[in-house]
Amino acid sequence: MSDYKIYLFDFDYTLADSSAGIVKCFQLVLNDNGFTHITDGAIKHTIGKTLEDSFSALTGVTDSGELRRLKDQYIGQANLYMTPNTRLFPETGIVLSELKNRGARLGIISTKHRYTITELLERDFPPGVFDIVIGCEDVREAKPSPEGLKKALAYLNGNREDTLYIGDSIIDARLAEVAGVDFYGVLHGTTIREELEVFPHKGIGNDLTGLLNIRI
């Protein structure tokens with residue numbers, strides 16, 4: 001058995017809890033547009049989807065122009081409130097440091113905007129922890145499309161057989177399955193163990209520490 005050479009992570013509910021910032025930004029936009037009875041819990045269950053898909057699920061709006069308008073309003077709020085309301089999970093720094101010490105290369109593949117992620121990374125990490133960060137602006141098709149993962153492997157000159165993808169949601173599990181890479185599920189979010197167990201996986205843990213015991 002050997003260690004994986006590349007670890008690619010989802011961001012929200014995997015490395016960090018940004019739910020407070022996400023809920024705040026959604027509620028500001030929703031209330032400004034007359035959607036005043038959507039619960040925080042409903043918003044949390046859309047984390048991991050694209051902004052357009054989230055707004056459509058929450059409001060029933062299907063018009064693409066209207067969804068873009070809501071998305072643009074959200075981005076304006078996120079620029080103000082997202083990073084201050086996002087916190088790494090307690091074990092994130094320890095686990096990432098150990099993986100780097102083993103010689104692994106690390107990346108992030110997220111439906112979030114890349115600049116939002118890098119702003120938080122610059123706040124909480126020294127330079128160079130992540131070798132690549134892919135956000136929604138870097139792909140044409142959002143997860144579970146494997147576009148972002150394939151782009152990361154091409155940049156890192158990596159192989160699928162040496163790669164582990166880590167995420168919290170069904171979307172993440174589907175991405176790993178479609179891309180043909182191993183998957184590790186983490187239960188930080190709203191997706192329960194039984195929902196992830198139906199997909200191929202190397203492990204499912206309550207937090208990221210179990211990663212340190214996963215081998216090819």
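Computed from a predicted model, the values in this text were never measured in an experiment.
Legend: residues meeting ring-ring contact (aromatic ring centres under 6.0 Å, His included) with Y13, ordered by chain and number and at least two apart, are absent.
Without hydrogens or angle criteria, E147 side chain to R140 main chain gives a donor-acceptor distance under 3.5 Å. Listed for the N31 side chain is a donor-acceptor partner under 3.5 Å among the backbone atoms of Q27. Looking at H188, its side chain does come within 3.5 Å of a backbone N or O of T14 through a donor-acceptor pair. With hydrogens and angles disregarded, a donor-acceptor distance shorter than 3.5 Å links the side chain of E195 to the backbone of I192. R193 places a side-chain N or O within donor-acceptor distance of the main-chain N or O of I204, the cut-off being under 3.5 Å. Side chain of K143 to main chain of I109: a donor-acceptor pair is present (N/O by atom type, distance under 3.5 Å, no hydrogens or angles). Using a distance-only test at 3.5 Å, with no hydrogens or angles considered, no donor-acceptor pair links the side chain of T92 to the main chain of L88. Checking side-chain atoms of D131 against main-chain N and O of L106 turns up a donor-acceptor pair under 3.5 Å. The main-chain N or O of G21 is never found under 3.5 Å from a side-chain atom of Q77 such that the two would form a donor-acceptor pair. Using a distance-only test at 3.5 Å, with no hydrogens or angles considered, a donor-acceptor pair links the side chain of R215 to the main chain of L212.
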Kindly indicate, with the supporting measurements, whether the criterion side chain to side chain contact (heavy atoms under 4.5 Å, CB included) is fulfilled by F89 and D17. CA-CA 7 Å; F89 289 112; D17 185 357; 3.8 Å; yes

Apply side chain to side chain contact (heavy atoms under 4.5 Å, CB included) to F130 and L96, showing your working. CA-CA 9 Å; F130 286 94; L96 295 180; 3.6 Å; yes

Tell me, with the steps shown, if L175 and F183 meet side chain to side chain contact (heavy atoms under 4.5 Å, CB included). CA-CA 9 Å; L175 165 60; F183 175 70; over 6 Å; no

side-chain hydrogen bond (donor to acceptor under 3.5 Å, both in side chains) evaluation trace for D12 with S18: CA-CA 6 Å; D12 290 324; S18 50; 2.3 Å; yes

Please assess D172 against Y165 for the test side-chain hydrogen bond (donor to acceptor under 3.5 Å, both in side chains), listing each intermediate value before the final yes or no. CA-CA 8 Å; D172 294 316; Y165 182 72; 3.0 Å; yes

Would L164 and D182 satisfy side chain to side chain contact (heavy atoms under 4.5 Å, CB included), going step by step from the backbone distance to the final call? CA-CA 5 Å; L164 184 65; D182 287 344; 3.6 Å; yes

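There is no path of hydrophobic side-chain contacts, each under 4.5 Å, that joins F11 to I132. Side-chain heavy atoms closer than 4.5 Å link hydrophobic residues (I, L, V, M, F, W, Y) into clusters, and following such links, possibly through other members, connects L211 to F125. The hydrophobic clustering, which links ILVMFWY residues whose side-chain heavy atoms are closer than 4.5 Å, places L70 and I38 together. Neither V95 nor I6 shares a network with the other; the hydrophobic side chains, linked directly or stepwise wherever heavy atoms of I, L, V, M, F, W or Y lie under 4.5 Å apart, form separate groups for each.
Between Y7 and Y4, the two ring planes are perpendicular [angle over 60°; tilted spans 30° to 60°].
Two rings, from H113 and Y115, have their centers less than 6.0 Å apart. Checked against the 6.0 Å centroid criterion, the rings of Y74 and F26 qualify as a close aromatic pair.
Environment of CD in E194: crowded, with over 12 heavy atoms of neighbouring residues, nucleotides or ligands closer than 6.0 Å.
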Would you mind writing out the side-chain donor-acceptor pairs for residues 150-161 within the sub-3.5 Å range, not counting sequence neighbours?
| from | atom 1 | to | atom 2 | distance (Å) |
| --- | --- | --- | --- | --- |
| K151 | NZ | D138 | O | 2.9 |

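Inter-residue side-chain proximity for V61 and S56 is flagged as unmet; no heavy-atom pair is nearer than 4.5 Å.
Annotation for L80: hydrophobic cluster partners, listed by chain and number, are L28, Y81 (ILVMFWY side-chain heavy atoms under 4.5 Å, direct or chained).
Checked for salt-bridge contact, R123 and E119 miss the test: no charged N lies under 4.0 Å from a carboxylate O.
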